[in-house]
Amino acid sequence: MERPSKFEDYHYLGDKRTQVVYDFDVIQGDELEAVIAELIASEQFATFAPDTLAEAQNRGYHPHWTIRESARARAADSD
């Protein structure tokens, strides 16, 4: 997914309604792109400073399943 112009400098975007954080680098597919588009339209999003997954988790956000799957795949590739 191409990052929206307002968020081209951000890696993570959080949904304030569900406390889920999305990673622009692992989002794939039309369904997830639609979720991000709806989130931005709702204006119920959060960005993080520093722009890290650890900071999002410190604020109570949980990684979207795509982030967890990406981490598992990277771990499996390194074995």
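Numbers here simply count residues along the sequence, with the first being 1.
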task: List in chain and number order the residues that pass ring pair (Phe, Tyr, Trp, His ring centres under 6.0 Å) with Y22, two or more places apart in sequence or in another chain; answer none if no residue qualifies.
output: H64
A46: side-chain contact (heavy atoms from CB on, under 4.5 Å) partners, not counting sequence neighbours: K16, F48, Y61
task: State which residues pass side-chain hydrogen bond (donor to acceptor under 3.5 Å, both in side chains) with E69; sequence neighbours excluded, sorted by chain then number.
output: R72
- prompt: Linking I/L/V/M/F/W/Y whenever any side-chain heavy atoms sit under 4.5 Å apart, do V35 and V20 land together?
  reply: yes
task: May I ask whether V26 and Y10 are part of the same hydrophobic cluster, defined by side-chain heavy atoms of I, L, V, M, F, W, Y residues being less than 4.5 angstrom apart, directly or through others?
output: no
Spacing of CZ belonging to R68 relative to CG belonging to D23, to within rounding of 0.5 Å: 13.0 Å
message: How close do I67 and Y12 get, counting heavy atoms only, and between which atoms?
response: CD1-CE2, 4.4 Å
query: To the nearest 0.5 Å, what is the distance between CG (L39) and CD (Q44)?
result: 8.5 Å
message: If the condition is side-chain hydrogen bond (donor to acceptor under 3.5 Å, both in side chains), which residues does E38 pass it with, not counting sequence neighbours?
response: R17
message: Distance check, rounded to the nearest 0.5 Å: D9 atom CG versus T47 atom OG1?
response: 11.0 Å
D30 atom CG, over 12 foreign heavy atoms within 6.0 Å: no
field: Which atom of L53 lies closest to which atom of P63, heavy atoms considered
entry: CD1-CG, 4.2 Å
query: Between L13 and I40, is any pair of side-chain heavy atoms under 4.5 Å apart?
result: yes
field: Which residues share a side-chain hydrogen bond (donor to acceptor under 3.5 Å, both in side chains) with R59, sequence neighbours left out
entry: E55
